[in-house]
Structure formats: C-alpha cells, structure tokens
Amino acid sequence: MANPYPAAVERYDADAIERRWQAVWAAERAFETPNPENPATDTRPRAYVLEMLPYPSGDLHMGHVTNYTMGDVVSHFRRRTGFQVLHPMGYDSFGLPAENAAIKTGGKPAEVTARNIARIREQMLRMGWSIDWSRELSTSDPAYYRWTQWIFLRMYERGLAYKKGAAVKWCPQDQTVLANEQVVDGRCERCGSEVEARDLEQWFLRITDYADRLLDDMALLEEWPDRVLTMQRNWIGRSHGAEVQFGIVGGDEAIPVFTTRPDTLFGATFFVLAPEHPMVGDLVAGTAQEDEAMEYVRRRGAESVADRMREDRPKTGVDTGRRVLNPVTNEEIPVWVSDYVLVEYGTGAIMAVPAHDDRDHAFAQAFGLPIRQVVAPREGAVDVQVEAYVDSGDDSVLVNSGRFDGLTVAEAKEAIPAWLAEDGRGERTTAYRLRDWLVSRQRYWGAPIPIVDCPACGLVAVPDEDLPVRLPEIDDYAPKGRSPLAAAENWRRVPCPSCGAEALRETDTMDTFVDSSWYYLRYVSALDDTQVFDRGAVDWWLPVGQYIGGVEHAILHLLYSRFFTKVLYDAGYVGFQEPFANLFTQGMIYKDGAKMSKSKGNVVAPDEIVSRFGADALRMYVLFMGPPDQDKEWSDSGVLGPARFLDRLWKSVQAIAETPGEALPPAPADADGAALDLLRLTHRSTQRVTEDIDRRLQFNTAIAATMELLNGIEKARDGLLGDAVGQQALRHAAGTLVCLIQPFSPHIAEELWERLGGTRLWEAPWPAVDPALLVSDTFECVVQVNGKLRERVPMARGLDQAEVLAAAKALPRIAELIDGKAIVKEIVVPDKLVNIVVKG
RNA sequence: GCCGGAGUGGCGGAACUGGCAGACGCACCGGACUCAAAAUCCGGCGUUGGCGACAACGUGCGGGUUCGAUCCCCGCCUCCGGCACCA
C-alpha cells in the first residue's frame, strides 16, 4: 500500500513521551478508584463511566479506539471536575472465534483467549486510556463465570430459567442453536449461514415476563438515543387486542385467536391455522382432506427459515373441510391451514377479515373466499372487493355489525371485547413479538449450565457452594451437533445433589450474551470471591452514569442487560431497575465507503497510526473526524490535522515555558489590548470545551475550540513576550490550553504541563471560566435592510433601542439604502442586530 | 408498508434557543525559506460578474409562516438504519 503520509514530518518524540507517562500512571496507580468505605453515608459525587467491553479477537480496531477514547475523555473530565470516577475494563472472552481458532490450530480455547487478551491489553495500555486496571475481568475466567452460573440459578429458582422442547433456530455452520435475536434475515448473525428449524430441548430465560416493564421503564431512559428505544420497542412489539374463542363445529373445543381488530369480528369470513398448530392433526383426522392437509404441513416444515421469511411470496393454503362458529354472527366459517399464519405469535390461529386486512384479502382472492365489509369511512365509499380498507381510528364507523353499527372503530375496539367477555367468548389481551431468550448452546467455550439431570429427581440445580461448574479439559472441541462437553464422560457423571444417585450434568453452555448481561455489576467487586458483588457498593456506583458503545447492540446486549438488572432488582440484589442511565451510541468508522474488514482489505490498523504519529494524535483524530454519534469516513490525510496541531502546540508551549512563571498563573488583572484579547479567547475557549464535553459530548467541536485557542496564542505570542503582563497572559493561555487538551491527548499534555512547572495534570482541577472575560464592552452590531446584511459596526453593549437604531441609520451605506423610502418596521435585537424594513 | 435518523464548499464538518452560512481541519493555489525537494512559516480558497469597493445567487426539491429560516410548518425527492405475512 502506498504511504499516504509526507516523508519527513517534523515531530516531537511522541513515542518516548507517551511511554514515559504510561509508566508513571502505572507506577502511581493513577486511575485506580477504591469503593467507598461507607457507601450509605458517602455523598461524594461519583461517575461510573463505562464502554462496552471488547471481545478479545486479537487486534484492537478503530471502533475500539473511538469507543474507549470517548469514554476516556469523559472519565478525565469528570475526575478533574471533582468526581470519584469508576472506569474499568474487561473482556467478553467466551465465544466461538477462540474455539474455532483452537480447532483449526490444535490449541486450547483457553490458551488462544489468554494470548489474545494479553495482546489487546498491551494495545490498550499503549493508547494511554485511564482505566482502573485493578478491576480487570474476563468472562471466561472461572472466578467470573462462577457468578454467571450463580445468577442463572437465581433465575432458575424464580422460574425464569426453564428447559423445554421447541422448534428452534439451528445454525448448521456453527452447529448450535441461536436466539431469535441472533437470526438476521433468516441467517446466522455470526457466520451468515441460512438457519434451519429443529425441534430440540433447550434452556430459555423468561424475558417475556418482563416485556411490559422493559417497555414501560423506557420512560426512565430519557438520555437514551431515540433510535435505540425505537428499536427495542419494535423488537418487543406489544399489541393490544383481544383473544376470541371460535367453537369447533361438531366438537366441544374452541380455538382461541388473537386479534388487534376485535371491531371487525362481524367481518370474519374464514379462519386460518398455522401449519405447526397442534390441533391441525386432530381436526383433519379421518376427513377427506386429511392427506392433502398433512402433505401441506409436511412441505412447509421442510422449507428453510429464510424461504419462509421471503417477502411477497404468494399465499398458499389448504381447506381442512372443518368449520368453526363465528361467535358474534353464529355463522359457520371454513378453517384453512396456511403458512402466512405464524405459530409462534399470538395463538397460532387467526380469524380472517379479508375486507379489512391486506393479507387476509390476498388470501381470500387467491381462494375465492367471501369478503364482507364491516367498517366504512365516515365520508365517501370504498370497494373492499378490490382492496382491503384498513383504518383503525375515529374516522370510520362500523356497518353490518348488528347493534354495533355506527360506533367508531376506536369505540368498537372497547365495546365488542366487553360484550364477548360477558359470557366467556373472549377478553381483552396483549400480544408480544418478543420471545423467550434461548440461552443454551451446543459448544464448548462458554459457561456450563449448572444443572444436573437425575433419573429420579429430574433437573436439579448445582448447589451454590459447588460453583463454579468448571469446563472440563477435553481434546476434541469440534461441534458435532451436540455439546463437546457430552464427550467428557467423567466430568459429566456426578451424584445427584438432591438424592445422591448417579446423574448426568447438563452439557450445553450458555450464550455469551448471558456473560455480558451483568459484567457492569461485577466491576464493582471484581476481586471478591465471597459474593457476586457488594450490595452497598453496587448501589453507590450504579446505575452507570455514561455508557458508550456501538448501536449494533441496541437490541441484544442492551435489552438483555436491562432484563438482568430487573431480575436482580426483584430478587433484592440491587436497588435500581435500569443499569444504564445515559447511553451514547457511537457511529461506525468506514474506509472507502465500507465498513473496515479484513476481507475487503480496507482496515487501518491503530498500531500503524500510533507508531507514526503517537497515541495522542490518533486519539484526537478519531474524535475530531466528526460528530461522535454519526458514521464517519476514515481519511489518511485527515489525521495530519491533529498531528500538526500537536507539533505546533509542542513548539509554542515550549517557547512560552522558557519565560518565568507558574504552570497556570491567574489572568493578569491589568491586561489590555492584545493581552486582553488573548485572555478573552482563552476563557471563551474554556467555556466551549467544557460545555462540549459536559453537556453535548461533542468532542469534534471541543477540539476545534482548542485549535482556535492555539491559533490565537501563536498570533499573539511574539507581541506579548516582551513584557511581564504579556508573558503572564501567554502563560495563562498556554497553561489553560494544555489543561483543555488533556482529556483528548493526555501524554503530551502531561509532559508540557510539567515543562510549564506543574505536576500531575490528571489530578489538577479543570480550568475555571471567568464570566467577566466572556464578554467585552463592545459588540459587532449587524445591520440589515430588509433582512439582508448590509453593514457591521462596533457598538457599546447595553445601549437602548433608539440609540442603536440612530447609530445604524447614521451609517453612510445604510442611510443611502433607506433614503427616500418609507420605513415599515424596525427590529432591534439587543447587543446583536438591527433590521430596518423599507418599502418603495 | 411502518418507525427512527440524515441531506450545507472539492472533502470531513460548524452554526447550541429563528438573528453575520461555511468555525476547525483536510485537499488545492500563490508566496517565503532551500541549489532543489520535503518539512515549516505567511497568504488565498462557496458560485457568478467586477481591477476594485461591491452586487447577485447559494444549506436536497416545491410551497408557507416570519422583519428575518440550514433551523419552524405543509407537500415531495434521495440516502442510511431498524422492523415487517406479528393478525
């Protein structure tokens, strides 16, 4: 690849300076923050700043660099504005890549993982992030997964973890089942293989019990991005409606359906079961349609998940020949089987109202079924034979619906279920798109599920004191359709914890998303081997004050973590219901218009940039590229901007450091002219940087403000070096600038601070803004005529409107423009602008 | 189809509450330094017209509100992300 950088850039010695300060920070344990001794009475301000923990895949990539640098800026800023800061780091180290690498190279997943962690940790240290390394954790460490298992058992006790047979999604490539959340467009989110449906006994977590709270508590998440909340809302998919019973003609049973449109019940002209509906077999048994119907069911079952999810597939189906009774019209309507009804949603059966549902309409047209209108617009007419009429509000009324005729749709949605409920024909209910979370995996490198299967007692929890259930040492990690743990016979055979008889361990391991659903709690007590975490400390630090990570985790990780926190709250282990008070989702970094990836060959390695320009320049550039929440395009030449800035900073501050004085002397009170201008610029810049970090997380504009300050210092420098006041003003400006860039580029800031005469900038207070230096006594008044900018003129602040207007009209150019014309209106915005509206 | 976000110079972007559009940086152009180049420093840089002061136009498109709109409202277009046979 061609070198995109100039051959000889004049540089300060970034490598030496950065390594020097990294050694100082490590030696002084600069960023370790102990838990409070008395959390109950400790009122110190605190900030838990957390970035999503990395999967240690080997090399740090630009996404990590951006993510952790953003968190680091916030951490430094909080530390220097008087907060106790918790800023830990760990590794999401269970998972398939390490296992697959071990299979390929013949090593052990634990060894591969240890190597990768060592490597990524070294790269993190080289970036100079201010992490409390004393709290470092790995989810694959038995000291950690012991507590993952412990939490699983708490869920099991509460009935929130259960095992059942179900049609599940199976990835043939990875040889394991997947959670619904891990299937994207019918494919495995990890490897892209088309997933298959399989009937298997699997472990689930009952996240659906929390669907309402996961939705309703979003009100507490004011500082979360809308898009993330929307994605979670869509994913949970709560629909209010009614469950209605349809009695089988010639039988005693009824089949329930779920509908969001009980108002259209009078228009239900047929009935449809999902092919997998458990009653299909019984219904058709012995009828003329039995063979045809069962053949249809078999064919659907053989289809891939991806095929069934294909959009715009034509409607297919079979008439069972059986009939059910429409509970409001008492008409007999035919029961069909069709794959446009999904077994896993609602009740797996629907009432079909072709006049008012597009899908039912298409089905009715394909099979010549009757279409009956029961809703009409208040004004005008629609032809439901041609197209379904869908309106669910107040603009339509019921027709052909007996005593409900004339009600609005909204009214009928209340009235009809209430009427049905009187004699048990139906009731109001709610349906969700969310399914329970399938957590068992048929792979080796994960936390073993701490359950023993006893022939006498059934499923028995491993006692807490026997945790962790450690992964056994085995030779063959290759997936074979069952967990590799099943081959570890000696490990697997254990006495039943309950009765002592010979029993077998569960051999599936947990989804790695279980590991990462609670790690933010463990940092509080990372080294504690007596409890999962300390209740007092966890309530002191959490909820996380600022969580930062990629939007790709909007549903999986963030929803699961919210679920875990609520479960732990209910069980009395934590005192808060939401884990992350503020969430910030960073944009992705692209190169040549595409996501960086090895296969595309467009990866820019952080290492290369660090060795060429230093960690400080890279840190600054990833933040300077653009708004932190938006996607950004990497530019090889763009990184030169911050690199040059740091070079100029180095030279300028060194020159000023040669004058006598403190690292950050107060602003000289008797400054005027250029010195006063510089002081004002300094305080304006401080104000902007402070607000941009604190209030807006707008690091790109904060950095721009520091660049403007340096430009101002360089312009003023030669003129101010001559006298004492000028030198003090320069030192004040330079010291402030070094303070302001410290969160972004801490190494060079520390070095320059020392050369200016300071020590330990990371502990120095954040520079204060002097309000008196934010304003000057004059301002540049903008003068408009008819809204068009015509003049700019300096004016004293605080003049009254008449004075400002008179001054504006006295300007020769303005006088000329309004001469001989009628003044229609005059607007004066105090200390800002004048607009004179004329006519003629 | 539904939901969310975005559209500003050659490029990344700024303009925070309706008040100077283009901060800051990249690229580019000119100059200084140099035997020369790189680096560095100084200057220029939305488009069109003008030697120039300046003028007209300009924030995806079309309307509207307003003294004044990148910002608010209505109607479109395009792009990105999520959900989607969810009854």
Side-chain angles (χ1 to χ4, degrees), chain A residues 6-11 184-185 225-235 237-239 241 257-261 264 272 274 308-313 315 338-342 344-353 356-360 362-363 390 431-434 551-552 554-555 587-588 621 624-627 629-642 644-645 647-648 651 688 691-692 695-696 698 700-708 710-711 714 780-792 813 824-829 832-838:
Chain A
V9 185
E10 197 178 314
R11 301 281 302 157
V184 177
D185 294 333
D226 281 343
R227 59 174 167 167
V228 172
L229 294 176
T230 304
M231 283 161 75
Q232 293 206 356
R233 212 173 276 124
N234 287 344
W235 188 260
R238 177 165 64 188
S239 302
V257 300
F258 173 76
T259 177
T260 55
R261 295 296 306 274
T264 62
V272 191
R308 277 201 58 172
M309 289 175 70
R310 237 178 51 225
E311 55 186 303
D312 295 336
R313 62 202 314 253
K315 294 275 186 288
S338 172
D339 65 358
Y340 88 92
V341 176
L342 309 173
E344 63 266 34
Y345 183 75
T347 63
I350 61 157
M351 64 176 207
V353 185
H356 306 293
D357 182 280
D358 291 326
R359 298 150 301 181
D360 297 345
F363 194 84
V390 183
Y432 303 88
R433 211 191 79 96
L434 182 72
V551 74
E552 67 274 17
I555 294 173
M588 283 205 292
Y621 178 57
F624 184 63
M625 283 169 80
D629 56 341
Q630 275 173 36
D631 291 343
K632 294 168 280 271
E633 170 80 20
W634 176 271
S635 157
D636 283 325
S637 56
V639 69
L640 289 172
R644 282 182 193 137
F645 168 73
D647 286 331
R648 283 167 47 214
K651 279 183 258 182
R688 284 173 58 194
E691 287 206 350
D692 284 351
R695 193 163 60 83
R696 306 203 302 160
Q698 282 275 27
N700 55 328
T701 50
I703 291 169
T706 66
M707 289 173 167
E708 284 179 67
L710 178 62
N711 291 345
E714 290 187 338
E780 193 166 70
C781 183
V782 170
V783 184
Q784 299 178 337
V785 175
N786 288 345
K788 276 197 162 78
L789 172 77
R790 293 302 179 183
E791 268 290 19
R792 277 182 276 242
R813 247 167 68 69
V824 179
K825 199 165 188 176
E826 294 165 330
I827 283 110
V828 179
V829 181
K832 201 166 253 171
L833 109 176
V834 172
N835 188 12
I836 301 166
V837 186
V838 297

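- Base contact: A:Arg695 has a heavy atom under 4.0 Å from a base atom.
- Using C1' as the reference atom, B:rG44 and B:rC26 are 16 Å apart when rounded to the nearest Å.
- Applying the side chain to side chain contact (heavy atoms under 4.5 Å, CB included) test to A:Arg233 and every residue at least two apart in sequence or in another chain returns A:Leu215, A:Met218, A:Leu229, A:Thr230.
- Spacing of C1' atoms, B:rG63 relative to B:rG13, comes out at 30 Å, to the nearest Å.
- The base of B:rC20 is not paired with the side chain of A:Lys832 by any donor and acceptor separated by under 3.5 Å.
- Taking atom CG on A:Leu434 and atom P on B:rC83, their separation rounds to 13 Å, with Å as the unit.
- Evaluation of the side chain to side chain donor-acceptor pair (under 3.5 Å) rule for A:Arg238 yields A:Asp212, A:Asp216 as partners, not counting sequence neighbours.
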**Prompt:** Between A:Gln784 and A:Ile827, does a side chain to side chain contact (heavy atoms under 4.5 Å, CB included) hold up when you go through it step by step?
**Reply:** CA-CA 9 Å; A:Gln784 299 178 337; A:Ile827 283 110; over 6 Å; no
Expected rows: protein N/O vs nucleotides 22-28 of chain B N/O, under 3.5 Å:
| residue | atom | partner | partner atom | Å |
| --- | --- | --- | --- | --- |
| B:rA23 | O2' | A:Glu708 | OE1 | 3.3 |
| B:rA23 | O2' | A:Glu708 | OE2 | 3.1 |
| B:rG25 | OP1 | A:Asn711 | ND2 | 3.4 |
| B:rC26 | OP1 | A:Arg644 | NH1 | 2.6 |
| B:rC26 | O2' | A:Ser637 | OG | 2.8 |
| B:rA27 | OP2 | A:Arg644 | NH1 | 3.4 |

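- Under 3.5 Å, the side chain of A:Arg227 and the base of B:rC3 form no donor-acceptor pair of N or O atoms.
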Can you give me the N/O atom pairs linking the protein to nucleotides 50-54 of chain B at distances under 3.5 Å, or say none if there are none?
none

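- Annotation for A:Thr260 and A:Ser239: closest pair CG2-CB, 3.7 Å, computed over non-hydrogen atoms.
- Between the side chain of A:Asp631 and the backbone N or O of A:Gly587 there is no donor-acceptor pair closer than 3.5 Å.
- Residues A:Phe645 and A:Tyr621 are not in side-chain contact: their nearest non-hydrogen atoms beyond the backbone lie 4.5 Å or more apart.
- Rounded to whole Å, atom C1' of B:rU40 lies 6 Å from atom NZ of A:Lys651.
- For the C1' atoms, the distance from B:rC45 to B:rG31 is 15 Å, rounded to whole Å.
- Put simply, A:Tyr340 has no side-chain N or O that comes within less than 4.0 Å of OP1 or OP2 on B:rA87.
- Against the 90° criterion about 0, the sugar-base torsion of B:rG7 places it in the anti range.
- The distance from atom CG of A:Asn234 to atom P of B:rC3 is 10 Å, rounded to the nearest whole Å.
- Here the side chain of A:Asp226 is nearest to one of B:rG4, B:rC20, B:rA87, namely B:rG4.
- Atom C1' of nucleotide B:rC3 and atom CZ of A:Arg238 are separated by 16 Å, given to the nearest angstrom.
- The side chain to side chain donor-acceptor pair (under 3.5 Å) search around A:Thr347 returns none, not counting sequence neighbours.
- A residue-by-residue look at A:Thr347 and A:Met625 shows that A:Met625 has its nearest nucleotide of RNA chain B further toward the 5' end.
- Between the side chain of A:Lys832 and the backbone N or O of A:Val782, no donor-acceptor pair lies under 3.5 Å.
- Residue contacts shown for A:Thr706 are absent, as no nucleic acid heavy atom lies under 4.0 Å away.
- Straight-line distance between the C1' atoms of B:rC71 and B:rC20: roughly 15 Å, to the nearest whole Å.
- The shortest heavy-atom contact between A:Glu826 and A:Ile836 is CG-CG2, 4.5 Å.
- As judged by a 4.0 angstrom heavy-atom cut-off over every strand, A:Pro627 is placed among residues touching the sugar-phosphate backbone only.
- Qualifying salt bridge (charged side-chain N to carboxylate O under 4.0 Å, His left out) partners for A:Glu708, counting only residues two or more places apart in sequence or in other chains: A:Arg688.
- B:rG4 sits 13 Å from B:rC74 when the P atoms are compared, rounded to a whole Å.
- In this structure, CD of A:Glu826 is placed 17 Å from C1' of B:rG19, rounded to the nearest angstrom.
- Residue A:Leu833 has its side chain nearest to B:rG19 when only B:rG19, B:rG4, B:rA87 are considered.
- Spacing between B:rG5 and B:rG43 at atom C1', rounded to whole Å, works out to 41 Å.
- As rounded to whole Å, 12 Å separates atom C1' of B:rA14 from atom CD of A:Gln630.
- Remark: A:Arg813 pairs with A:Glu791 by the salt bridge (charged side-chain N to carboxylate O under 4.0 Å, His left out) rule, at least two apart or across chains.
- Closest of all the heavy-atom pairs between A:Val341 and A:Ala274 is O-CB, 3.2 Å.
- Ring geometry, A:Tyr340 versus A:Phe363: the interplanar angle falls from 30° to 60°, so the pair is classed tilted.
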**Prompt:** Dot-bracket for RNA chain B, 5' to 3', counting Watson-Crick or G-U wobble pairs under 3.5 Å, with [ ] for crossing pairs and | for inter-strand pairs?
**Reply:** (((((((..(((......[....))).(((((.......))))).((((....))))..(((((..]....))))))))))))....
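- Side-chain contact between A:Thr259 and A:Ile350 is absent, with no heavy atoms from C-beta onward closer than 4.5 Å.
- Taking 4.0 angstrom as the limit, A:Arg433 places none of its side-chain polar atoms (N or O) nearer than this to OP1 or OP2 of B:rC3.
- Residue contacts for A:Lys632: at a heavy-atom cut-off of 4.0 Å it reaches no nucleic acid atom on any strand shown.
- Protein atom CG of A:Leu229 is 13 Å distant from nucleotide atom C1' of B:rC3, rounded to whole Å.
- If A:Gly626 and A:Val782 are placed on RNA chain B by their nearest nucleotide, the residue sitting closer to the 5' end is A:Gly626.
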Atom pairs under 3.5 Å: protein N/O with N/O of nucleotides 67-71 of chain B:
| residue | atom | partner | partner atom | Å |
| --- | --- | --- | --- | --- |
| B:rC67 | OP1 | A:Lys825 | NZ | 2.8 |
| B:rC67 | O2' | A:Asn835 | ND2 | 3.2 |
| B:rC67 | O2 | A:Asn835 | ND2 | 2.5 |

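- By the salt bridge (charged side-chain N to carboxylate O under 4.0 Å, His left out) test, A:Asp357 is found to be paired with A:Arg359, residues two or more places apart in sequence or in another chain being considered.
- Comparing B:rA37 with B:rC29, their P atoms sit 14 Å apart, to the nearest whole Å.
- With sequence neighbours left out, A:Glu344 forms a side chain to side chain donor-acceptor pair (under 3.5 Å) with no residue at all.
- Taking atom C1' in both B:rU17 and B:rA69, one finds a spacing of 14 Å when rounded to whole Å.
- Annotation: side chain to side chain donor-acceptor pair (under 3.5 Å) contacts of A:Asn711 (sequence neighbours excluded): A:Arg648.
- Between A:Asp647 atom CG and B:rU40 atom P the separation is 8 Å, expressed in whole Å.
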